[in-house]
**Student:** 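I have a structure I would like to understand better, so I am pasting it below and will then ask my questions one at a time.
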Amino acid sequence: MKGGILLTTGVPSKEQVESRTPPKSRRERGPFVVIECFQEIPCDPCHYSCKFGAIKQFESINDIPEVDWSKCTGCGVCVAACPGLAIFVVDETFSDTECLIAIPYEFAPLPGKGDAVRLLDRAGQEVGGGFVHRVLPGKKPQGTPVVWLRAPKELSMTVRNLEPVEKGGVSHG
Ligand code: SF4
Ligand code: SF4
């Protein structure tokens, strides 16, 4: 159901994003999911993909997903399961200066570990530079590849896409 990308073509408002961001105390404890899905649509694989029960039971398939951050481990399984490419994982505890961000990525070729990338915001604007931390190619038939990025910590809630610096990825950091 790759057509779900249409669901994410709008850029959410600051208020919408804040409504999907856990409190500081939770952010300081480790990786957390950020579900940027704001429309009532008939879709629910995110709920079923989470084995920890962190994405609450839907009463209707049109419900907007709700997260229990106390149950979320930041594993990233739901990132690959979302056909709308609307789920991310952020880890602000990675280092003093860098965070990790898990991003669904459907373009080919996939970047490789260590590749330098341009960091893009929700509107596709470049906001800085980062590196590929690891790549999960995605399980057939529906799993979306997930690229975990290293990014400056202050961009943890800004970066939501990437662009390889060189096709095929030959830069290493
Ligand atoms: S990151 Fe893992 S634990 Fe958190 S909501 Fe997604 S699947 Fe569940
Ligand atoms: S799977 Fe993705 S698009 Fe579908 S309801 Fe969940 S977050 Fe929204």
**Student:** Nearest heavy-atom pair of Pro137 and Leu110: which atoms, and what distance?
**Tutor:** CA-CD1, 4.0 Å
**Student:** Can a cation-pi geometry be assigned to Arg160 and Phe88, taking NZ or CZ under 6.0 Å from the six-membered ring centre and within 45° of the ring axis?
**Tutor:**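 Judged by the rule (NZ or CZ under 6.0 Å from the ring centre, within 45° of its axis), Arg160 counts as positioned above Phe88.
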**Student:** Mind listing the closest non-hydrogen atom pair of Ser156 and Ile101 along with its distance?
**Tutor:** O-CD1, 3.9 Å
**Student:** Go through it in stages, so that I can follow the logic: the residues are Lys51 and Val77, the test is side chain to side chain contact (heavy atoms under 4.5 Å, CB included), and I'd like the CA-CA distance, side-chain angles, deciding distance and then a yes or no.
**Tutor:** CA-CA 9 Å; Lys51 303 303 177 210; Val77 167; over 6 Å; no
**Student:** What are the two closest heavy atoms between Leu162 and Pro111, and how far apart are they?
**Tutor:**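 Nearest pair, atom of Leu162 first, then Pro111: CD1-CG, 4.3 Å.
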**Student:** Side chain to side chain contact (heavy atoms under 4.5 Å, CB included) for Glu163 and Val117? Distances and angles first, verdict last.
**Tutor:** CA-CA 6 Å; Glu163 189 174 70; Val117 295; over 6 Å; no
**Student:** For the NZ atom on Lys56, are there more than 12 heavy atoms of other groups (residues, nucleotides or ligands in this structure) within a distance under 6.0 Å?
**Tutor:**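 Yes, enclosed.
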**Student:** Do Ile64 and Glu40 come close enough that some side-chain heavy atom pair is under 4.5 Å?
**Tutor:**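 Ile64 reaches Glu40 side chain to side chain.
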**Student:** Could you grab the distance from atom CD1 of Ile87 to atom OG of Ser49, nearest 0.5 Å is fine?
**Tutor:**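 Separation between the atoms: 6.0 Å.
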**Student:** For the residue pair His47 and Phe58, categorise the inter-ring angle as parallel (less than 30°), tilted (30 to 60°) or perpendicular (more than 60°).
**Tutor:**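 Rings of His47 and Phe58: tilted, as their planes differ by 30° to 60°.
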**Student:** Keeping Arg20 on the side-chain end and Cys37 on the backbone end, is there a donor-acceptor pair under 3.5 Å?
**Tutor:** yes
**Student:** For the CD atom on Glu18, are there more than 12 heavy atoms of other groups (residues, nucleotides or ligands in this structure) within a distance under 6.0 Å?
**Tutor:** yes
**Student:** Return the minimal non-hydrogen interatomic distance between Arg122 and Pro12, and the atom names on each side.
**Tutor:**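 Looks like CD-CG, 3.6 Å.
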**Student:** Are Leu120 and Val34 connected in the hydrophobic side-chain network, where two residues link if heavy atoms are under 4.5 Å apart?
**Tutor:**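 The answer is no; the residues belong to distinct hydrophobic clusters.
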**Student:** Rounded to the nearest 0.5 Å, what separation is found between the CG atom of Leu149 and the CG atom of Asp91?
**Tutor:**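 That separation rounds to 13.0 Å.
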**Student:** Show the numbers, then the answer: is there a side chain to side chain contact (heavy atoms under 4.5 Å, CB included) between Phe38 and Ser19?
**Tutor:** CA-CA 10 Å; Phe38 302 102; Ser19 74; 4.3 Å; yes
**Student:** With Phe52, which of Ser70, Cys72, Cys75 fulfils side-chain contact (heavy atoms from CB on, under 4.5 Å)?
**Tutor:**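 Result for side-chain contact (heavy atoms from CB on, under 4.5 Å) with Phe52: Cys75.
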**Student:** Under 3.5 Å, is there a donor-acceptor pair between the side chain of Arg26 and the main chain of Gly30?
**Tutor:**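 Answer holds: yes.
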**Student:** Which value, rounded to the nearest 0.5 Å, describes the distance between Thr93 atom OG1 and Arg29 atom CZ?
**Tutor:** 11.5 Å
**Student:** What pair of heavy atoms forms the shortest contact from Val127 to Val159, and how long is it?
**Tutor:** CG2-CG2, 3.8 Å
**Student:** Rounded to the nearest 0.5 Å, what's the gap from OG1 on Thr97 to CD on Glu154? Could you check?
**Tutor:**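 Output value for this atom pair is 9.0 Å.
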**Student:** Please evaluate residues Val90 and Arg27 with respect to the criterion side chain to side chain contact (heavy atoms under 4.5 Å, CB included), reporting the C-alpha separation (whole Å), side-chain torsions for both, the decisive distance (0.1 Å), and the verdict.
**Tutor:** CA-CA 9 Å; Val90 173; Arg27 293 167 65 164; over 6 Å; no
**Student:** Ignoring hydrogens and geometry, is there a side-chain-to-backbone donor-acceptor pair from Glu98 to Ser95 under 3.5 Å?
**Tutor:** no
**Student:** Could you state whether Tyr48 and Val33 fall into the same hydrophobic cluster, counting links through intermediate Ile, Leu, Val, Met, Phe, Trp or Tyr residues with side-chain heavy atoms under 4.5 angstrom apart?
**Tutor:** no
**Student:** Check for a donor-acceptor pair, side chain of Arg134 on one end and backbone N or O of Gly112 on the other, with a separation under 3.5 Å.
**Tutor:**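 Such a contact is absent between Arg134 side chain and Gly112 backbone.
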**Student:** Could you grab the distance from atom CD of Glu92 to atom CZ of Phe32, nearest 0.5 Å is fine?
**Tutor:**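 Between Glu92 CD and Phe32 CZ, I get 4.0 Å after rounding to 0.5 Å.
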**Student:** Looking only at non-hydrogen atoms, find the nearest pair between Ile55 and Cys46 and report the distance.
**Tutor:**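 Nearest heavy atoms, Ile55 then Cys46: CD1-O, 3.4 Å.
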**Student:** Using 0.5 Å steps for rounding, measure from the OG1 atom of Thr144 to the CD1 atom of Ile103.
**Tutor:**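 Going from OG1 on Thr144 over to CD1 on Ile103, the span is 13.0 Å.
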**Student:** With respect to Val79, which candidate in Ile35, Val89, Leu85 satisfies the side-chain contact (heavy atoms from CB on, under 4.5 Å) definition?
**Tutor:**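 Of Ile35, Val89, Leu85, side-chain contact (heavy atoms from CB on, under 4.5 Å) with Val79 is met by Val89 alone.
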